[in-house]
Amino acid sequence: MTEAKHEGNCQHLLIYLSDYVDGEASASICAEIEQHLADCDNCRVVVDTLSQTVHLYQTMPQSDLPEDVRFRLYKSLDLEGYFKPK
C-alpha cells in the first residue's frame with residue numbers, strides 16, 4: 001500500500017475508533033480496523049494507548065468533589081444551570 005493511500009485509510013478509520021475501543025463497532029468495521037492494524041504500527045500504537053487510557057479511567061476510583069468545589073467548577077465553566085446538588 002502506498003504511503004498516501006495508507007494515510008487516507010488511517011484517517012477514514014479514526015471516526016470509528018471510539019466505537020471500536022468500546023466494543024460497539026459493527027463486525028465489518030472491526031474487521032476493517034483489525035486488518036488495518038495488522039499493517040499499520042502507528043495506528044496500533046494509537047489504539048493501544050486509547051484502550052489503556054479508557055481502561056485506566058474506568059478502573060480508577062472516582063472521588064467526589066466537595067459540593068462547593070463542584071459549584072465553583074460549574075460556575076467557571078458557565079454551566080451553573082446543570083449543577084445539581086447531591
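Model, not experiment: these values are computed from the prediction.
Side-chain heavy atoms closer than 4.5 Å link hydrophobic residues (I, L, V, M, F, W, Y) into clusters, and following such links, possibly through other members, connects Leu65 to Leu77. Residue Leu50 is not grouped with residue Val45 when hydrophobic side chains (ILVMFWY) are merged at heavy-atom distances under 4.5 angstrom, including chains of intermediate members. Met60 and Tyr57 are not part of a single hydrophobic cluster, where members link through side-chain heavy atoms under 4.5 Å apart.
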Please step through side-chain contact (heavy atoms from CB on, under 4.5 Å) for the pair Arg72 and Val69, ending with a clear verdict.
-> CA-CA 5 Å; Arg72 288 194 323 259; Val69 175; 3.9 Å; yes
Test side-chain contact (heavy atoms from CB on, under 4.5 Å) on Val47 and Tyr20 and set out the steps.
-> CA-CA 9 Å; Val47 169; Tyr20 175 77; 4.0 Å; yes
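Interatomic distance, CG of Leu14 versus SG of Cys43, reported as 6.0 Å (0.5 Å rounding). Atoms NE2 and NE2, on His12 and His36 in that order, are 10.0 Å from each other to the nearest 0.5 Å.
A distance-only check finds a donor-acceptor pair linking the side chain of Arg70 to the backbone of Lys84 [under 3.5 Å].
Within a 6.0 Å sphere centred on CG of Asp78, heavy atoms belonging to other residues, nucleotides or ligands number 12 at most. Surrounding CD of Gln35 are at most 12 heavy atoms belonging to other residues, nucleotides or ligands under 6.0 Å away.
Residues Cys40 and Cys10 approach most closely at SG-SG, 3.8 Å, considering heavy atoms.
Between the side chains of Tyr16 and Glu32, no donor N or O sits under 3.5 Å from an acceptor N or O.
The only member of Asp41, Ile33, Asp39 that meets side-chain contact (heavy atoms from CB on, under 4.5 Å) when paired with Leu37 is Ile33.
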